[in-house]
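Okay, so here's the structure we're looking at.
Computed from a predicted structure; not experimentally measured. Note: hydrogens, waters and symmetry copies are ignored here, and every other heavy atom, side chains too, is used. Below, chains carry the letters A, B, ... as their sequence lines are ordered, and counting in each starts from 1.
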Amino acid sequence: MMAKQQYEQLSPEWFQPAPPNVGEQEKINRPSLTFWQDAWLRLRENKAAIVGLVMIIILTLMAIIAPMASDRTYKDQNLRHAKLPPKIPVLEHIHWLPFDGRDANGVDVYKQRGVKEYYWFGTDDLGRDLWVRTWYGTRISLYIGLLAALIDLLIGIAYGGISGYYGGRVDNVMQRIIEILNGIPYLIMVILFILIFEPGIISITLAMVITGWTTMARIVRGQVLKLKNMEYVLAARTLGAPTSRLIFKHLIPNVIGPIIITTMFTIPSAIFTEAFLSFIGLGIRPPEASLGSLVNDGYKSIQTYPHLMIIPAVVISLLILSFNLVADGIRDALDPKMRK
Amino acid sequence: MVEKILQVNDLHISFDIHAGEVQAVRGVTFDLYKGETLAIVGESGSGKSVTSKALMRLLPTPPSRIKQGEILFEGKDLTKLSEKDMQSIRGAKISMIFQDPMTSLNPTMTIGKQIMEAILKHQKLSKDEARKRAIELLQLVGIKNAELRMKQYPHQFSGGMRQRVVIAIALACNPKILIADEPTTALDVTIQAQILELMKDIQKKLGMSIIFITHDLGVVANMADRVAVMYAGKIVEIGTVDEIFYNPKHPYTWGLLASMPSLDHKDTELYSIPGSPPDLLNPPKGDAFAPRNPYALKIDYELEPPMFQVSDTHYAATWLLHEMAPKVEPPAVVRERMKRFADIVARKGGKPRG
Amino acid sequence: MARYTLQRFVYMIITLFIIATLTFFLMKLLPGSPLQNQEKLTPEQKALILKEYGLDKPVPVQYIQYLGNLLKGDLGVSFQYDNRPVAELISDRIGPSAQLGFQAIVFGTIVGLILGIVAAIRHNHWEDYTATVIAVLGASIPSFVLGGFLQYFIAVKLQWLPVAFWEGFKYTILPTLALSVGVIASIARFMRTEMLEVLSSDYILTARAKGISQAGVIIKHAIRNSLIPVITILGPMTVNLMTGTLVIEKLFAVPGLGEQFVRSIELNDYPVIMGTTLFYSALLILAVFIVDVLYGVVDPRIRLAGGKK
């Protein structure tokens, strides 16, 4: 143990009692952050999520502006301009970029056919402008994503909330229905719906209304069931809080995290489903364009005009990737425990 | 004096986290004698669990690291051993029991396999011999139908039974030291008593030393030979159980004793130590307990107190023991309790241990 | 365990029955019949044909007949392929699809597990980051896009492997690869999360406190326990795989069930669409059932308690 001598020359003055002011040390010296501020701070630190967010903003702006800013529309055909490779001003001079208007054999098709205009992404076999069609297709993808999120929020939350809140027999019946719905493969359901109605955006929308919300309903139900029996909710109930107060002050703030996370993951999977359906010819029909049908069209001439497939394929992949990155980021930010 | 089996000298452990360095253990020194039970008590976050895991080198590195100090066991410094050498000590010479028996057994492996795993790792036995040994161990910890139980999974055992299994695993190789990290905290009170009795029994039979981590002073009084009180990563007082209970010197120990609930104490309100432990990310200057200490001196805010010797076995780190300090009596509640402890011991007819 | 299996089995039968019923009434709603292209027939001839298909009876009778036929494995006949039985069309085409699906799930599971385990063990090291990037990309790039890229760069540009068709193992490599990326991504993700959770659990600490080596702890305790929940995603995985075969077979001209299904959709060949739909549903429900039972077998908590987690 330590030697005593080295402390011998201490001043007696120091041995005056100095009891602490108890109230003082209970002061909280870090600024307190709300749940959302804290989550935003965490999200901001997630570089992948921020990159995803920026990409979504860029893609969305392009989808809104590009078709409006162009004097061509998605369905204008110009057979004299069919199958042109991409050509973009300025970038055309950087020879290793595929935007110089030359085809696979290195022939400058624009010069050969005397085309003065620039088609930034080239044209398809009917001479439609791929630039406009790609961004038009992006609009459809975004619409589908938004729609899926909306359905999740409206039907899924209501269904799950009612099922979980009332419990008992109501819950039992509602859960059996979901179980059966889940037993039927989602895609098969969508295909059946599309067969009855005509392929197109309305059929896809309808199919999603019927089947797209079950995951959300289950998650909301699970959360509500869990929270309903939490001590603090029971406490509020014993204190006579009305149902509306319980729902708005206790249940919703606690369920909102999982809801946002589920919604964020619904969007990319809905975008994927639409692209997939359009790819196998069940979704958007020509002359309208969806990224899935554009990839399918482009695929037919992959050997000679690869840009027809590659450009929409890259855009759809970027779109789904960005949403996945943001969804991952939001999950990590809202639920640090789930972060692994 | 009895043989020292383990010596911990000036142990410092830090965790490197995002915000900086958390100094969880800041210079812990103690010895463990052969066959004794040393209790380490303190609030959550006092560093008692970290210390115990560090003895086994079970802390994940990173983020944790042993910054300084040594852990001497059988002539070796455990802080410097390779992971491989450490593996031959863990489970064989030093064993550990954890807090929650519900989660500390592998749910998909039979009890028998989990015990045999420890035996086969350290002893040159055949599978059959290991099985026999495992059955013996289960019987030793008081599990009936041991042969049948061997084939069962943890979820088929109650909490108390699981903790017995955990103890059996820890005893598999007759360890010299058993570290018990709050082994009864997660159990019902009646089961707690059974487990404590079992541990005392086994210690008598096998003669190992026990380091008992707890925040429950009742358990300490029941189990321990010596007690180390930890606060903010340091031992603030250490002594025999009688010294700590009859003659505590550190104001923090006074606070702990005063906050112990007791049945025959209806008249006074339960005491609680004001405030909360300091942030070990930025430990305060001087005595870490000063901001909560009603007996604080000016010097407490400037200089850390050294360990003052009270008796051969009793040390405390408080400036109140300095000759220039004003003489302070423990608060009335504590004095009364000290007296009552003495009475209890007198009633039991035993002499104070030590 | 027996009760649990029985309960799952009953659910499976109910779901199948509902799907069969749904399919039948959807058929009734759909335009198109065997008489589609035969406008010039006399009413007598039409009646004869309807009688032949059993369409002259009232709908409830047809429904009973349909259910009876289903039990016998009779899925009706195709409108387009010379009135061939749908069941025969399916059994002709199932081979390549099964091979493709099997190869993809085996390859994808092995690679996914390795990635997930390595990522968890090397948490927050470059191996972890690499595995995470692969998983995110794999989950984001649609299989038809990936298939197209593989085809263009590896088969067309580099000419390492055949572009399409189904004439030997070499032909299966690219479609298997395209199909397995989704499997790799979800298994790797799931395994990593599970493994990290298990590694931070108390019983891992107990195992380490016994003196078991790092490798022993990971192999004997961590991997086994993380694998159990991974079994649960094999059910949904089969669904994704099936979705995948639809486009991959179309892309690589594989003469499989998916390719036939897509074509029958293009041709409005309803009996084939319905039959295949039913077949797919049955397959998937069976897969989910097997996964559920398997889960019970592997996890002693369910096996011995007889309940669901």
(request) Please flag which part of Phe261(C) lies under 4.5 Å from any non-hydrogen atom of chain A: side chain, backbone, both or neither. (result) side chain
(message) Need one label for Arg189(C): side chain, backbone, both or neither, based on atoms under 4.5 Å from any heavy atom in chain A.
(response) side chain
(message) Main chain of Leu251(C), side chain of Tyr299(A): is a donor-acceptor contact present, judged purely on distance under 3.5 Å?
(response) yes
(message) A side-chain contact here means heavy atoms from C-beta on lying under 4.5 Å apart; do Val314(A) and Phe149(C) qualify?
(response) yes
(request) Quickly, which of Val295(A), Ile280(A), Asn296(A) forms a side chain to side chain contact (heavy atoms under 4.5 Å, CB included) with Phe144(C)? Name it, please. (result) Val295(A)
(request) Applying side chain to side chain contact (heavy atoms under 4.5 Å, CB included) between Ser140(C) and each of Leu319(A), Leu325(A), Ile320(A), report the one that passes. (result) Ile320(A)
(request) Check whether Ile141(C) gets within reach of chain A through its side chain, its backbone, both or neither, counting any heavy atom under 4.5 Å. (result) both
(request) Check each atom of Phe276(A) against the heavy atoms of chain C and say whether the ones under 4.5 Å are side chain, backbone, both or neither. (result) both
(message) I'd like to verify something: which residue of Leu246(C), Ile14(C), Leu146(C) has the highest number of heavy-atom pairs under 4.5 Å with chain A?
(response) Leu246(C)
(message) Is Met242(C) in contact with chain A via its backbone, its side chain, both, or neither, using a 4.5 Å heavy-atom distance?
(response) side chain
(request) Count the heavy-atom pairs under 4.5 Å between each of Gly292(A), Ala275(A), Pro268(A) and chain C, then report the option with the highest count. (result) Ala275(A)
(request) Working to the nearest 0.5 Å, report the span between CZ of Phe272(A) and OG of Ser143(C). (result) 5.0 Å
(message) Under 4.5 Å from any heavy atom of chain A, what part of Val262(C) do you find: side chain, backbone, both or neither?
(response) side chain
(request) Answer whether the closest heavy-atom distance between the side chains of Leu321(A) and Leu137(C) falls below 4.5 Å. (result) yes
(message) Looking at every non-hydrogen atom in both residues, tell me the closest pair between Val145(C) and Ser317(A) and how far apart they are.
(response) CG1-OG, 3.5 Å
(request) Might you point out which heavy atoms bring Tyr152(C) and Pro306(A) nearest each other, and give the distance in Å? (result) OH-CG, 3.0 Å
